[in-house]
Amino acid sequence: MGRVNIEASLACADFRNLSADISQLVEAGIDYLHIDIMDGNFVPNFALNFDIMLLARALCAIPMDCHLMVADPERYVERAISSGAEFVSIHFEATHHAQRILQLIRDAGGRPGIALNPSTPLTVLEYILDDVDLITVMTVNPGFAGQKLVPAMLRKIANVRDLLRSKGRTDIEIQVDGNVSFQHIPAMLSAGATMLVCGTSSIFDKRYDIRRATEAVRELVQGKESRI
Ligand code: DX5
Ligand code: ZN
């Protein structure tokens, strides 16, 4: 298995003391900050915005991955990148023109990602593999933290891995987003996940300290039994 990135879903941080949480994420060696942007339209909720990305960038140098859960995402590509995003992911379901927007992200200097809701089949990936650096398997329906894994998604992760292997594109990252818990991480990794979006199910589980919880995720990535 190649390198697995551990991401912290910033929307799950404690905003009463964001800078303290970010310091802990830096100390924990988090690979990416995952920035959920929700528009109250594509998903029935609101979440982070570009000002928060700029704030996070002012507080730390952790690379950022911007997950646009918005309708007509082309409107926000430039701002996501100018606000510090390395990866910018759009939802296949949020536009009629996914390929064009993925190209727009690439042309603007970002790394394009395509996110698929649980019910979206993998056939939609067939002609856009050259346009993406990242595929996000939504393991819950997007919009809310704290949901339960949709069980069929473990099979979907493995199907993405098999598709990428069959096309010789194992360089494309497979991100999992939603209920990435200590319980589910081993099966997600076995199925081929390479980027773990860790939210309230692990790194931001209030029962644990961020650094200790991140260490426990890392132990699972390294194939060890977690001691959390
Ligand atoms: C989906 C979000 C959440 C987030 C929270 O829209 O991106 O899944 O990561 O993580 P959990 O599911 O662990 O609360
Ligand atoms: Zn997300």
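Read the numbers this way: they start at 1 and go in the same order the structure lists the ligands and their atoms. Starting from 1, each residue takes its place in the sequence as its number.
Numbered from 1 in the order shown, with element, the atoms of ligand 1 that lie under 4.0 Å from a heavy atom of C12 read 5 (C). When each atom of ligand 1 is checked for a heavy atom of G178 under 4.0 Å away, the hits are 8 (O), 12 (O). Of all atoms in ligand 1, numbered sequentially from 1 with element shown, those under 4.0 Å from a heavy atom of G143 are 6 (O). Listed by number with element, the atoms of ligand 1 under 4.0 Å from a non-hydrogen atom of A145 are 5 (C), 14 (O). For ligand 1 and M69, the ligand atoms under 4.0 Å from any heavy atom of the residue are 6 (O). Of all atoms in ligand 1, numbered sequentially from 1 with element shown, those under 4.0 Å from a heavy atom of V197 are 9 (O). Against a heavy-atom cut-off of under 4.0 Å, G146 is close to the following atoms of ligand 1: 11 (P), 12 (O), 14 (O).
At the shortest separation from atom 1 (C) of ligand 1 among protein heavy atoms lies M138 CE, 3.9 Å. Looking only at protein heavy atoms, the nearest one to atom 2 (C) of ligand 1 is D36 OD2, 3.2 Å. With respect to atom 14 (O) of ligand 1, the closest heavy atom belonging to the protein is T200 OG1, 2.5 Å. What sits closest to atom 12 (O) of ligand 1 on the protein, heavy atoms only, is N179 N, 2.8 Å. Nearest non-hydrogen protein atom to atom 4 (C) of ligand 1 is S9 OG, 3.7 Å. For atom 9 (O) of ligand 1, the closest heavy atom belonging to the protein is D177 OD1, 3.0 Å.
The minimum distance between the Zn ion (ligand 2) and any N, O or S atom of D177 involves atom OD2. Shortest distance from the Zn ion (ligand 2) to D36 is reached at OD1 (N/O/S atoms only). Looking at H67, its N, O or S atom nearest to the Zn ion (ligand 2) turns out to be ND1.
Of all the heavy atoms in V137 and I157, the pair that sits closest is CG1-CG1, 4.0 Å.
Side-chain N or O atoms of T194 include one that pairs as donor or acceptor with a backbone N or O of I174 at under 3.5 Å. Distance alone, capped at 3.5 Å, is enough to place a donor-acceptor pair between the R218 side chain and the A28 backbone. Checking side-chain atoms of D31 against main-chain N and O of N5 turns up no donor-acceptor pair under 3.5 Å. Listed for the T139 side chain is no donor-acceptor partner under 3.5 Å among the backbone atoms of V176.
Ring pair H67/H91 is parallel by interplanar angle, where below 30° counts as parallel and above 60° as perpendicular.
Comparing heavy-atom distances from atom 10 (O) of ligand 1 across S201, A47, G199 singles out G199 as nearest.
Ionic pairing of D130 and R169 is present here: one or more N-O contacts between side-chain nitrogen and carboxylate oxygen are shorter than 4.0 angstrom. Taking the charged nitrogens against the carboxylate oxygens, R212 and E215 have no contact shorter than 4.0 Å, which rules out a salt bridge.
Enclosure of atom CD in E78 is not indicated, since only 12 or fewer non-hydrogen atoms of other residues, nucleotides or ligands lie within 6.0 angstrom.
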>> If you apply the rule side chain to side chain donor-acceptor pair (under 3.5 Å), what do you find for D36 with H34, and how did you get there?
In response: CA-CA 6 Å; D36 278 329; H34 179 85; 3.0 Å; yes

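For the pair N179 and V140, the minimum side-chain heavy-atom distance is below 4.5 Å.
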